Structure formats: structure tokens, C-alpha cells
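The structure appears below as C-alpha cells.
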Amino acid sequence: MAKNLVIVESPAKAKTISQFLGKDYIVKSSFGHIRDLPKKGLSIDIDHDFKPDYVISPDKTKIVKELKDSAKDAIVWLASDEDREGEAIAWHLTQALKLDPKTTNRIVFHEITKNAILKSLENPRVINLDLVDAQQARRILDRLVGYELSPILWKKIQRGLSAGRVQSVAVRLIVEREREIASFRAQSSFKTIGIFAKNDQKFNAELSVRLKEYDQEVKPWLNDIKNAEFKVKEITEKPSVRNPSSPFTTSTLQQEASRKLGFSVRQTMSVAQKLYENGHITYMRTDSTILSEEALDAARSYIINNFGDKYYHKRQYLTKDTNAQEAHEAIRPTNFNERTIADNYENKLYQLIWQRTLASQMSSSITNKTEAVISVSGKEEVFVAKGEVLKFDGFNKIYKNSFDDIFLPSLKPGEKLNWQEIKSSEIFSKPQARYSEAALVRRLEQLGIGRPSTYAPTISTIQNRGYVEKRDLEGKSVKIRVVTQTPEKLIETNDEITQGSDKNKLIPTSIAEVTNDFLVEYFTNVLDYDFTAKVEDNFDKIAQGKINWVEVITNFYKSFHPLIETVESISRQEISKMRAVGVDPKDNQTIYARLGRFGPMLQKGSTDQGEDIKPLFAPMPKNKTIETVTLAEALVAFSLPRVVGKTKDNLEIKANIGRFGPYLQIDGKFISIKDQDPHTISLEDALHYYQAYQEKEAQKNIKQYKNGLKILNGPYGPYVTDGKKNARIPKDTDPMKLNESEAKDILKNYVPKKRYRAKKK
DNA sequence: CAGTGAGCGAGCTTCCGCTTGACTT
């Protein structure tokens, strides 16, 4: 029996560490937190100093039992991460394993090396209870905010919604960015490029200003220079030094994998997890850019051996983020000599990590930049030609993307230049870009909101709750004006570009618009971009022993909770923000967009026209929101149901959109037409759907027994039914071979899965 | 399953942060 039990957070870490320690040690993992507030109910005693009611997390009971057994008769070393959460994990372990937090050994290390572990065992301390209190304050504040705000949303906006310190700010960022884009008015200007020549070598130079007005400025300017003289005014040459980027943190890895590999943040984390578990990289959830001495040494030998001395440059990158907790190293390979990984996805991500880490320890690249200013006779504006020639590739050696030199011919000041054409093309200013998943993570990190372990789950949550959709946007084709001056003549042409298209971006829904505006109006403080930063200051003071955590939470709750009571009296209607979209020219009725009980919708006419006159309703067109839907789109939405035509049997075919998407209605039957537009579906297509439906109906009956007992083919496969109860037939059973009593048994023993759905009236 | 749109009712949903692994697609 081992005499010592070391407890860490991650099982992969436990495996590595146990190799460093002798037989007297067993190393086990807690798999993160083992105790928490229960999922159900607030579980905080508001009236008694916010006393939390912690329980062993349901999925951790087995682990806690194992740890308890191992801890018997052993000296326990709590080796969770050295940060606020890690300290709390250590404390919860003392509570669950019945250890004394004042005397139990607490050890910490920042790198998983034999030296670091042995050193930590020689220098144990006890749990820092102030730091534990800071974590409790964080946990309790998040529970109070989340569990008091969310029920308000269920009541006032829609069931199942959620709000929280992190997710609600994430949604706010996305809603506000979309509004910036919607209100953006593009400015037109003209970019002017000249093609010049010296001897036989052509080169480009750009006019130093953008011309604005086509008729008053661009055309006259180009006309004027037809006979102008172009001369080299001055030439400057200077070296340009570029430094490598810092090693990866979770957030920068997610950004790079998104940009270069097209990975979602979830995908990046899942692939990185595998690389970590197989020992290829260090821990993947970190906010630190620090490399261990061991890694620095290994990088040094690799670079010197493979590229030579002049490519090596030792650098340590200090983490800029002030909220960083730095329990881990940067993300790096564990062995630089390992060049490829068998799995394709793992290999792709590994290459990014390998390159970025080694590059961070390499020399800067040096290029020579040349700038030639070209004057135009009779004009104040000048052309500027830029050249860049690589002198030393440095860290770029790793990336292998070849640098394309831009050579300028050797020019002398005062020299006269020939020219071939000067071309002005219209360009439009662009609004801020929509957030991609990775860009949102970056913004949240800048604001100090969220942690490396929560970025991916947060992105999923705001999508699962229906606040945000990740999708593409079609652009619009826009005409641009181009005017070209050659030594002979002025040529005017038009060109076409696509504007406003987007791929895989986060776009807010109507629910997000309404929820965000409600929260920002009534819970301004919590929705503030610096709310987290402010409460973090208080958590730091708790950690330093300067304030009591109960005092911090009491103060917060005193200002927060009354707001919850205030909003109780606000009506749904007030929150749902009716927007007048426009007037239907056919009947002069106003069309409104608003959020109803079942989601965003359009309404024609108001509800207070008297008893007999009821407004018409229509579902919100796909990918449109209360704010973005136009009158034209709304009018189309009200044109349903549409009569498509008739079947051969003279039955009317109607197309409409219902609760479950677009459908055809024929002879009282409903036929789903996913991916088809009921406004435009042709009679021919509709008949195809009808035919397929009839064929399927014909195949529906598999077998029939006595007393109405039947086997039918349903959308989820074959099932038994007696007309009242349905039961799925197991996958490995052939429905054709079932006899009556077997079918009866299946029906009798079937326990339907619990599902909650809207009640029918 | 192809309606609806106010509020009530019973029972339900919900936070953030630390870890994997068992699921389905």
C-alpha cells in the first residue's frame, strides 16, 4: 500500500506524474471540481450570510469514493492547479474526504517535469482559505445572477431562456455589432494606381490621397495629368524588423485554427484534448504564454541543430492579460523532434503548435523596405511606390510560406518616369466585421470575461438558447465606376463587385434583440462590459484577505435583487417591442413585427380595433428579425397560404408555413416540404411530393394483428401500436418476424422517453 | 404536428468553471 496520495485535476497529468514518483506514491485525479451547488434550485441561503449548500456532483460520486479509499492511511498531497479554482478544488477535497484544511499538504507546480514535482513535494503549504473564499464569491455571484435573471426571462419573454454574467455580455456584443453594421452607410471613394516604367521594368505606385467625387474630382484630376510630367521626388530605404508571435494560449490557438484551418472553437478544443491525452502537447486550457525552462532548452537545441546559431533567439513572453491566472504553461509540443501525428486533424493542429512555439524562439526576420515618392507636375498629390526585399528570413524559416519580394527598379531623385496608365477604381468603406466564433472569444478575453475552459461552451450556449445563429450571408452585387487614363485617352467603364457577403459568422436572432434590450435597460450594471473586471477587483481583495466575501456579495445583492422585483410588474407587451414595419398598400393596414409567445411574428392591424376585427398573423420570414425585416418581405409573408394548383383527382394544393416549417396541404393531409419555398414551389414539384407521400403511406402498414394491434412504419422506424399507445421496435428485431404475443409484449413493456412539449388546447 | 399571440395553473427550463467520456451525427 502506497504511503502517499497525490491528487491532481487531470487524469493525463496524473499518469505523467506517477512516472516521476516512486512506489511510495499513488497519483490520482479528481477530474476537476468534485462538489458544487446542486443544479436544481438556488441553493444559497440569502438570509444567512449567503451560505451555500454544496453537494457532491452526481457524476463524481464514484471518483470521490475511490479517492476516499485511497486516502485512508495515506498522507494526502493536494496538487490541484495554482489558481482560484484549483484552490477551491483542494478545499472541497478536504471537505469530501474529511481532511483538515488547516494541516493537509497543499503543493503546486507550473510545469509537469520531474524537478518541478520533486521540488513542490519538498515545499508543501496549507490551503489558502482567502483564495477559496474568492472562488466561493465568484461561484455564488454567478449563481445569483444566473438563477434570478433566467426565470424572469421565462416569464416575460420565452421559456428555457437564460442569462448570465458571461453569456449575456457575449450576446450583447453580437447584437450591437449587427446594429452597427445595419446603420452603417458606406462612403464611396476612388483608389488610384499608376503603372510606371523604368527601362523595361514596370512597377505600381498608389496615389497618396483618395479622390472622392466622380464628376467633380476624379475625372478632372485624371484629365489634368494627361500631359503631366512624373518625376522621382525622393527615395527612402530602411530595414524592417518583424518579431515572431508569442506561444499559443487557448484563445490564440482557437483564433489561428479558425483562420488557417477553418476549425470551430469546439473542434479545436476537442482535437487539442486528444493531442494532450496522447502526450503530444502540454495542457490546452491556459491563459499563459510562458514556456518552461525545459521547453526553452529543447527549442534552443532543435533550432541550433536544424537551422544554425543565427536563427536562435531566446524569448520569454510575459502574459499581457491582467486577469490571467497562469496555472499552466503556454500550449506547446512536449517533444520538438516529433514532426507528424498520425491522425489528419490532430496533425493539422499540431503543426500550428509546433511552428508557433519554435518560431517564438527564433530570430526576427529582416526586410529592406524602399519607398519612392513620385511627383506630378501641376499637382500637389504624389504617387508612392513601395518595394520590399527579404534580407534574413529568421522565424519565417519555420512557416515555409515563401515571401514574395517586391522589387523596385533602381531610381534616382529627379529622374523622369514614363507611365502606361493611371486607373481610379471606386471602393466603398466597410463596416466593422461580424464576429466569428474565434473573434468573439478574442473580444471576451480582452474584456476579461470568461476563462479558457469556458470559451467553447459559452459559444455553444448562446447558439443553443437561440440567441445567435452561425451562418453565411449572401452579398449584394454592386456596380463600381472605374476610370482609366492612358497617354492617349480617358476610358470610363463599370465593374461589379459583391458586397456584404459573409461566411460562418455569428448573427443575432429576434430573441437576442428583445432579451438584450430588456437586460441592458433594467440590469445595466451586470450587462456592462466592465462588470466582470469590477467584480474581479473585489475577488482579488478577498483573496488578499482585505475584505470578507460575504460583505462583497451582500453589497452586490442589495443593489441587484430589488431590480428583479421591479421588473416583475412589467408586461410582456412592453418588453416585446412592437415595431411598425410599414403599411400594406392594398388595405392601408399597418404591419408590425414583434415577439409573440411562440417566437417572432408579423401582425397586420392592431389588436384594439374592437371585438370583431382581429389582426392577421404571419410567421417571421427565415433569417429575418424584428429589426431587419422589410415591408416587401412582410407583404410576401402575408401572401400565404398560396394555391399551387390541383392534383389529377382535382384536389386543391395549398402551400403554407406552419409551426414545423413549410408544408403542402392536400385533402386535409399535411406534407412537409423542407428546403422548399411555399411562395415559389411549382405545381410539378408539389405533385412529386404528393406522389412520394402516397407511396410512403402505402408502405406504412407492415403487419396487422387482431384487436387493432398493428405494426406501422413511422418516421423513426417501425413501431407497434394498438391505436392508443405506440412502442418502438428495437433495432435488432425484424418486424416481419414478430408474432402477436411478442408484439403485445413490446407494447406492454415500452417506457416512453419523457418529453415536455407545449400543451394542446 | 401544420393553431396560436393575455395571464393563470402545474411542472419544467437556468448560472460559471474545473475535468473527461458516453452519446449521436
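The chains referred to below are lettered A, B, ... by the order of the sequence lines, with proteins before strands, and numbering in each begins at 1. Computed from a predicted structure; not experimentally measured.
Summarising the geometry, the separation between OH on A:Tyr693 and C1' on B:dA2 is reported as 12 Å, rounded to the nearest angstrom. As rounded to whole Å, 12 Å separates atom P of B:dC18 from atom CG of A:Leu131. One can place CZ of A:Arg159 at 17 Å from C1' of B:dG7, the figure rounded to the nearest angstrom. Between the NE2 atom of A:His92 and the C1' atom of B:dG17 there is a distance of 11 Å, rounded to whole Å.
Here B:dG17 is the nucleotide among B:dC8, B:dG17, B:dT14 with the atom lying nearest to any side-chain atom of A:Arg138. Taking the side chain of A:Lys39 as heavy atoms from C-beta on, and the options B:dT20, B:dC18, B:dT14, the nearest nucleotide is B:dT14.
Listed by first and then second residue, the side chain to side chain donor-acceptor pair (under 3.5 Å) pairs that reach into residues 54-63 of chain A are A:Tyr54-A:Gln136, sequence neighbours excluded. For residues 457-470 of chain A, the set of pairs meeting the salt bridge (Lys or Arg N to Asp or Glu O under 4.0 Å) definition, not counting sequence neighbours, comprises A:Glu437-A:Lys470, A:Glu469-A:Arg471. Note on residues 28-40 of chain A: pairs passing salt bridge (Lys or Arg N to Asp or Glu O under 4.0 Å), not counting sequence neighbours, are A:Asp36-A:Arg139.
Applying the side chain to side chain donor-acceptor pair (under 3.5 Å) criterion to A:Arg172, with sequence neighbours excluded, gives A:Glu176. For A:Tyr690, the ring pair (Phe, Tyr, Trp, His ring centres under 6.0 Å) test picks out no residue, with sequence neighbours left out. Under the side chain to side chain donor-acceptor pair (under 3.5 Å) criterion, A:His110 pairs with A:Glu82, not counting sequence neighbours. Take A:Arg266 and apply the side chain to side chain donor-acceptor pair (under 3.5 Å) test, not counting sequence neighbours, and it matches A:Ser460.
With hydrogens and angles ignored, the 3.5 Å screen pairs no side-chain donor or acceptor of A:Asn278 with any backbone N or O of A:His280.
In this structure, A:Arg165 and A:Met284 both approach DNA chain B, and ranking their closest nucleotides by distance from the 5' end singles out A:Arg165. Taking for each of A:Gly450 and A:Ala12 the nucleotide of DNA chain B with the nearest heavy atom, the 5'-most of the two is the partner of A:Gly450.
Within residues 142-155 of chain A, the residues that place at least one heavy atom under 4.0 Å from DNA chain B are, in residue-number order, A:Asp142, A:Arg143, A:Gly146, A:Tyr147, A:Ser150, A:Pro151, A:Trp154.
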Dot-bracket pairing map - DNA chain B, Watson-Crick plus G-U, both contacts under 3.5 Å, | cross-strand:
.........................

